[in-house]
Amino acid sequence: MLLCFFLTCLSFLLFIKSLPLKPLPLWAYEMRLLPHWFWKELSFFPIYKVIKNSLCTYLFSIPSRMSLKKKYLSKIENVEENSEMSVLDLPELVLECILERLPPGALCSMAGVCSSLRERCISDHLWEKHIQRKWGKVIGQAAYREWQWYLASRVGASNLKQNKQKSIIRLLSFGWSLSWIRSKANDNNTQRNSLPVDSIMSWYLALETGRFWFPAQVYNRENGHVGFMLSCYDAKLCYDPHTDTFQARYPPHGRRAIAIENGVQWERLRAPPIDTPPHDLHISDCLNELCPGDHIEIQWRKNKEFPYGWWYGAVGHLETCDRNATHCRCHYSETVVLEFNQYTPGSRWRLAAINRKDHREEGNEVDGFYGGIRKLCSDQEISMWKQLWPTDILE
């Protein structure tokens, strides 16, 4: 029985060896180099399943395209050579649709396949969607300006470095081949400039890797310190991709050093809703509209050396008002009462009053200084503040 099994296996091996197998086409090997998780990402979309199954069927059906008749072998090879295709042979609209649905990691992988796909995969219109989807909540106009300054500083440093390189080249040209030195310098510049620094993809990667510090605002700074409860302060932030959190650097308060907070969660961040620097007074444009019950944010700082923070409050009634909606005339008064109900009744932080007609920074060194006001009209903003409401009333 063993001899029979051995003869059967030997006959089968000799038969397989005699078959004229054709090697896989070059593009098939290129597709095998794509990471496995890339195909996993594609499987979420029906159109990708069709393309994926078609490509796999083509790849694994090639070995079965064997002929036992040698007189037809050359014809079959010619047909198969002419039938070779690549992803770039797909219709432009189909390819664009696929690239639009790829996640950032897959786009980066596709950009490394060839120069043609690279030009498509680094297009700004593809990365604008990704940066808006992940970073739109925390970056605004201030972050974009910071990015432009960051690029300008890099360009300035690059020009300075190139001038130094030219000086070194002049010195070395007496003993070395000038053409060789210049070729090396050009090669280095080409490698560094492989991705346009002003592209949206470059900005996304700078944010994603934590190389770029951007301005944003943090709710309940310093891990919810009681002194900053229901406030929102400006900070410079850096993303940590390993923990999916941020490091925050707060501006110095007077003589106090820069405060640093680690592990800031996404839900505690927002893009600045208005374009006012933290040390500048916001010019209020909503004072004539304020009525009891309105939700507001107001600038407040301890003294004039400190930056402003935005504090949550509500518009209240005057002492002379009976709080009856039918008889209330508080919105006609020049005085606007602001309530901070997170503080206990009787607390010096519970109430504040401002002049509707001529409001500027008001306050003193004891109670602090109240600045500009912005009325909250978005249910999402109001809901966010309510989620941050302290469990215990503050003193």
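The model shown is predicted, which means the values in this text are computed figures rather than measured ones.
For the pair L338 and V336, the minimum side-chain heavy-atom distance is below 4.5 Å. Proximity of E146 to F212: side-chain heavy atoms (C-beta onward) are separated by under 4.5 Å at one or more points. Between F340 and L394, every side-chain heavy-atom pair lies at or beyond the 4.5 Å cut-off. Contact annotation: the side chain of R270 approaches that of C232 to within less than 4.5 Å [non-hydrogen atoms, C-beta and beyond]. Counting heavy atoms from C-beta on, the side chains of L237 and V138 never come closer than 4.5 Å. Within the 4.5 Å cutoff, side-chain heavy atoms of C108 are placed close to those of M201. E381 is listed as a side-chain neighbour of P273, based on a closest heavy-atom distance under 4.5 Å. Considering only heavy atoms from C-beta on, F306 stays 4.5 Å or farther from F369 through its side chain.
You'll find the ring centres of Y150 and W213 outside the 6.0 Å limit. A distance below 6.0 Å separates the ring centres of W349 and W300.
For the atom pair E92 CD and C97 SG, the distance stands at 12.0 Å (nearest 0.5 Å). Here CD of E319 is found 11.0 Å from OG1 of T335. Values are rounded to the nearest 0.5 Å. Here R249 contributes atom CZ and I260 contributes atom CD1; the two are 5.5 Å apart, rounded to the nearest 0.5 Å. Going from atom CD of E334 over to atom CG of L287 covers 12.0 Å, rounded to the nearest 0.5 Å. Summarising the geometry, atom CD belonging to E361 is positioned 13.0 Å from atom CD1 belonging to I354; distances are rounded to the nearest 0.5 Å. Interatomic distance, M384 CE to I382 CD1, rounded to the nearest 0.5 Å: 13.5 Å.
Under a 3.5 Å cut-off, the side chain of R268 and the backbone N or O of N220 do form a donor-acceptor pair. No side-chain donor-acceptor contact under 3.5 Å links R350 to the backbone of T344. In terms of modelled atom types and a separation under 3.5 Å, the side chain of S333 and the main chain of R329 share no donor-acceptor contact. Side-chain atoms of S231 come within 3.5 Å of backbone N or O of F228 as a donor-acceptor pair. S123 contributes no side-chain N or O that, together with a main-chain N or O of L126, makes up a donor-acceptor pair within less than 3.5 Å. Remark: the backbone N or O of P277 is not paired with any side-chain donor or acceptor of D280 at under 3.5 angstrom. Using modelled atom types, no side-chain atom of H125 and backbone atom of E100 make a donor-acceptor pair closer than 3.5 Å. Between the side chain of S383 and the backbone N or O of D379 there is no donor-acceptor pair closer than 3.5 Å.
Y308 and Y233 fall into different hydrophobic clusters, where Ile, Leu, Val, Met, Phe, Trp and Tyr side chains are chained together by heavy-atom contacts under 4.5 Å. Hydrophobic clustering places L107 together with L95 (ILVMFWY residues linked when any side-chain heavy atoms are closer than 4.5 Å, directly or through intermediates). Side-chain heavy atoms closer than 4.5 Å link hydrophobic residues (I, L, V, M, F, W, Y) into clusters, and following such links, possibly through other members, connects W311 to V226. In the hydrophobic clustering of this structure, L318 groups with L351; members are Ile, Leu, Val, Met, Phe, Trp, Tyr whose side-chain heavy atoms approach within less than 4.5 Å, directly or through other members. Hydrophobic clustering (side-chain heavy atoms under 4.5 Å, transitive across Ile, Leu, Val, Met, Phe, Trp, Tyr) groups L151 together with I122.
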Inset, instruction - List the steps, then state whether side chain to side chain contact (heavy atoms under 4.5 Å, CB included) holds for W147 with I139. - result: CA-CA 11 Å; W147 173 246; I139 60 173; over 6 Å; no
Legend entry - Step-by-step side chain to side chain contact (heavy atoms under 4.5 Å, CB included) determination, D285 to I283: CA-CA 6 Å; D285 58 358; I283 305 303; over 6 Å; no
Inset, instruction - Could you give me the CA-CA distance, side-chain angles and deciding distance for W203 and Y144, then say whether ring-ring contact (aromatic ring centres under 6.0 Å, His included) is met? - result: CA-CA 9 Å; W203 190 18; Y144 182 73; 5.7 Å; yes
Legend entry - Derivation of the salt bridge (Lys or Arg N to Asp or Glu O under 4.0 Å) call for E261 and R221: CA-CA 8 Å; E261 180 182 355; R221 58 173 286 180; over 6 Å; no
Inset, instruction - Kindly indicate, with the supporting measurements, whether the criterion side chain to side chain contact (heavy atoms under 4.5 Å, CB included) is fulfilled by I393 and S347. - result: CA-CA 11 Å; I393 297 179; S347 169; over 6 Å; no
Inset, instruction - Could you give me the CA-CA distance, side-chain angles and deciding distance for Y343 and M229, then say whether side chain to side chain contact (heavy atoms under 4.5 Å, CB included) is met? - result: CA-CA 10 Å; Y343 293 99; M229 195 64 67; 5.8 Å; no
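In this pair, W310 and H282 present their aromatic rings perpendicular. The plane angle is above 60°, beyond the 30 to 60° band. Note on ring orientation: taking the six-membered ring where Trp is involved, the planes of Y239 and W135 are perpendicular (angle over 60°, cut-offs 30° and 60°). In this pair, Y204 and W127 present their aromatic rings tilted. The plane angle is within the 30 to 60° band.
Annotation: E362, atom CD; neighbour count of heavy atoms from other residues, nucleotides and ligands within 6.0 Å is above 12. More than 12 heavy-atom neighbours from other residues, nucleotides or ligands sit within 6.0 angstrom of CD on E365. Within 6.0 Å of CZ in R348 there are more than 12 heavy atoms belonging to other residues, nucleotides or ligands. By the neighbour-count criterion of 12 heavy atoms within 6.0 Å, atom NZ of K375 is densely surrounded, having more than that number from other residues, nucleotides or ligands.
Residues R120 and S116 bring a donor and an acceptor atom of their side chains to less than 3.5 Å of each other. Side-chain polar atoms of Y219 and Q387 form no donor-acceptor pair below 3.5 angstrom.
When all heavy atoms of L388 and L230 are compared, the pair lying nearest together is O-CD2, 3.6 Å. In plain terms, the two heavy atoms of G372 and S284 that are nearest each other are CA-OG, 3.4 Å. For the pair E305 and N303, the tightest heavy-atom approach, listed with the atom from each and the gap, is N-OD1, 2.9 Å. When all heavy atoms of R211 and L205 are compared, the closest pair comes out as NH2-C, 3.9 Å. Heavy-atom minimum distance, L281 versus G371: CD1-CA, 3.4 Å. A248 and A235 get closest at one heavy-atom pair: CB-CB, 4.3 Å.
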